[in-house]
There are 2 protein chains.
Amino acid sequence: MLHKLYIYEVKYSDYKHVLKKHNLRVTDCRIDVLERFYSKKHALSMKVIETELEGYDRVTLYRTINSFIDKGVLHRIPDESGSASYGICAETCTAEKHSHNHVHFKCSRCGQIDCLSSYSVPVVDLPGYEISDSNLIINGVCKSCNHAN
Amino acid sequence: MLHKLYIYEVKYSDYKHVLKKHNLRVTDCRIDVLERFYSKKHALSMKVIETELEGYDRVTLYRTINSFIDKGVLHRIPDESGSASYGICAETCTAEKHSHNHVHFKCSRCGQIDCLSSYSVPVVDLPGYEISDSNLIINGVCKSCNHAN
DNA sequence: ACAGTTTATGCAACATTATTTCAAAAACTA
DNA sequence: TAGTTTTTGAAATAATGTTGCATAAACTGT
């Protein structure tokens, strides 16, 4: 993975810091997974992660994702398709409490899921129900696919 | 399945009508699956369907659910847990276009997912994006679990 | 910088969830 | 009711996710 040396010079300490902040040991796999998430702005599916990080065992990648979710680094984005996608958590997420109030947009053309962090999920008042959190996924055609058309 | 005869006297023709309306052949399996969905008000997961309709092959049940989704009889409800659930579509859904604008509520205590058909998903204005439909899943404690407490 | 401790990794096996193929059976059509 | 089309069940396969365990790597305190 020599071709990544330059990137690492710049960002390695940042990723390291993110891991430490969330009480995670600093390992090659975790750094590489983090790098993938920070370098793309959109959510990544397990399939994509497996494809892009072939060097690591599938099991290790699953465990990496799961510990990231446990510790508040990533959040799982449910998807009708079955296989979930994952997105970077806001600064505020910790192992104790995830708080994601942003909207997710899934493009039916390119298939990508964006975290629209500047749009928060509208509150619905449900008498009798006790709401802990909510998840809004909007389907349609994303900005770039719309432009490309 | 003799114990179902009474129900069938009352409802069989209704289910048959639903199938015909959606261009689906009338088969035992489809009738039984429909009956399950109409007799419970909440969404059903594949696991529950398999358990409650043991008489049919798992493959047949998968195919039944998939053709129901294709033809606009059921809609898939994404869920963080991985295994999806399914709910009855509104009268307006067809093979060409599903339109679900209602809120889904998942209870963290009993695990059930309700289709709150009287609550519609608030519209979010996303400049540049072309929205086809949206999906709001609210997590928390449902009415009955709240009361039972 | 090192020895001891804790945690992560890779591998193999396993578990769960979903799809494909194909012959036989059932549903439809006229 | 005969002919056509679709559905079903069974077996195989694929895709997705988890567990146990020995080894390797990361951390901790000195």
Side-chain angles (χ1 to χ4, degrees), chain A residues 1 8 12-13 15-35 43-71 73-74 76-86 95 111, chain B residues 1 8 12-13 15-35 43-71 73-86 95 111 113:
Chain A
M1 304 219 181
Y8 277 16
Y12 178 78
S13 63
Y15 299 141
K16 206 165 143 181
H17 179 248
V18 170
L19 293 175
K20 296 227 181 221
K21 200 178 70 183
H22 290 91
N23 280 309
L24 286 161
R25 289 194 173 191
V26 178
T27 70
D28 290 355
C29 183
R30 287 173 181 170
I31 293 285
D32 281 336
V33 171
L34 262 194
E35 188 265 325
L44 300 176
S45 68
M46 197 57 216
K47 188 176 290 183
V48 168
I49 296 167
E50 279 184 46
T51 307
E52 300 205 349
L53 294 162
E54 280 184 295
Y56 298 102
D57 194 275
R58 241 163 46 83
V59 176
T60 302
L61 292 172
Y62 272 101
R63 280 193 277 224
T64 299
I65 298 300
N66 284 334
S67 55
F68 279 6
I69 290 171
D70 286 348
K71 296 297 169 63
V73 179
L74 295 177
R76 197 188 306 266
I77 305 167
D79 179 15
E80 288 193 4
S81 85
S83 73
S85 285
Y86 307 91
Chain B
M1 306 218 181
Y8 277 16
Y12 178 78
S13 63
Y15 298 142
K16 205 166 142 179
H17 179 247
V18 170
L19 293 175
K20 296 226 182 223
K21 201 177 70 183
H22 289 92
N23 280 308
L24 287 160
R25 289 195 171 190
V26 178
T27 70
D28 290 355
C29 182
R30 286 172 183 170
I31 294 286
D32 281 335
V33 170
L34 263 193
E35 189 265 326
L44 300 176
S45 68
M46 197 58 215
K47 188 175 289 183
V48 168
I49 296 166
E50 279 184 47
T51 308
E52 300 205 349
L53 293 162
E54 280 185 296
Y56 299 101
D57 194 275
R58 245 161 48 83
V59 177
T60 303
L61 293 172
Y62 273 102
R63 280 191 281 223
T64 300
I65 298 299
N66 284 334
S67 54
F68 279 6
I69 291 172
D70 286 348
K71 296 297 169 62
V73 180
L74 294 179
H75 59 282
R76 197 189 306 264
I77 306 167
D79 179 16
E80 287 195 3
S81 86
S83 74
S85 285
Y86 307 92
I113 297 176

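Naming convention: chains lettered A, B, ... in sequence-line order (proteins, then strands); numbering from 1 in each chain. Any value given below was found using the heavy atoms of this structure, including those in side chains, with hydrogens, waters and symmetry copies removed.
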Check your understanding: Taking the side chain from Arg76(A) and the backbone from Ile69(A), do they hold a donor-acceptor pair closer than 3.5 Å?
Key -> no
Practice item. Specify the separation, in whole Å, of atom CD of Glu54(B) and atom P of dG9(D). Key: 14 Å
Study note, to complete from the structure: Side-chain atoms of Arg25(B) come closest, of dT5(D), dG10(C), dA11(D), to dT5(D)
Revision key, fill the gap. Result for 5'-nearest mapping on DNA chain C, choosing between Arg63(B) and Leu61(A), is Leu61(A)
Check your understanding: Is there a side chain to side chain contact (heavy atoms under 4.5 Å, CB included) between Arg30(B) and Val26(B) once you walk through the steps?
Key -> CA-CA 7 Å; Arg30(B) 286 172 183 170; Val26(B) 178; over 6 Å; no
Check your understanding: How long is the line joining OH of Tyr86(B) and P of dT17(C), in whole Å?
Key -> 11 Å
Practice item. For Ile65(B) and dT7(D), give me the distance from atom CD1 to atom P, rounded to whole Å. Key: 14 Å
Practice item. For Lys47(B), look at atom NZ and say whether over 12 heavy atoms of other residues, nucleotides or ligands are found less than 6.0 Å away. Key: no
Point to revise | Touch class at under 4.0 angstrom, heavy-atom based, for Arg30(B) against every strand present | key: sugar-phosphate
**Study point:** Between dT17(C) (C1') and Arg76(B) (CZ): distance, integer Å
**Key:** 12 Å
Point to revise | Thr27(A) side chain near dT7(C) phosphate (N/O to OP1/OP2, under 4.0 Å) | key: no
Check your understanding: Just how far, in rounded Å, is P of dG10(C) from OH of Tyr56(A)?
Key -> 8 Å
Exercise for review: Please report, rounded to the nearest Å, how far the C1' atom of dA8(C) is from the CG atom of Asp70(A).
Suggested key: 14 Å
Review point. Can you find a pair of side-chain heavy atoms, one from Tyr86(B) and one from Met46(B), that are under 4.5 Å apart?
Key: yes
Point to revise | OP1 or OP2 of dA18(C) under 4.0 Å from side-chain N/O of Asn66(B) | key: no
Review point. For dA15(D), does OP1 or OP2 lie under 4.0 Å from any side-chain N or O of Lys47(A)?
Key: no
Check your understanding: Rounded to the Å, how far apart are Ile31(B) CD1 and dT7(D) P?
Key -> 14 Å
Point to revise | Whole angstrom value for the distance that separates P of dA8(C) from CG of Asp28(A) | key: 14 Å
Practice item. Please determine if a side-chain N or O atom of Tyr62(B) lies less than 4.0 Å away from the OP1 or OP2 oxygen of dT19(C). Key: no
Practice item. Count the heavy atoms belonging to other residues, nucleotides or ligands that lie under 6.0 Å from NZ of Lys71(B), then report whether that count exceeds 12. Key: yes
Exercise for review: Check every atom of dC27(D), dG9(D), dC28(C) against the side chain of Val26(B) and return the nucleotide holding the closest atom.
Suggested key: dC28(C)
Check your understanding: Taking the nucleotide of DNA chain C with the closest heavy atom to each, which residue, Val59(A) or Ser67(A), is nearer the 5' end?
Key -> Ser67(A)
Review point. With distance as the sole criterion, do the side chain of Arg58(A) and the base of dG10(C) form a donor-acceptor contact below 3.5 Å?
Key: no
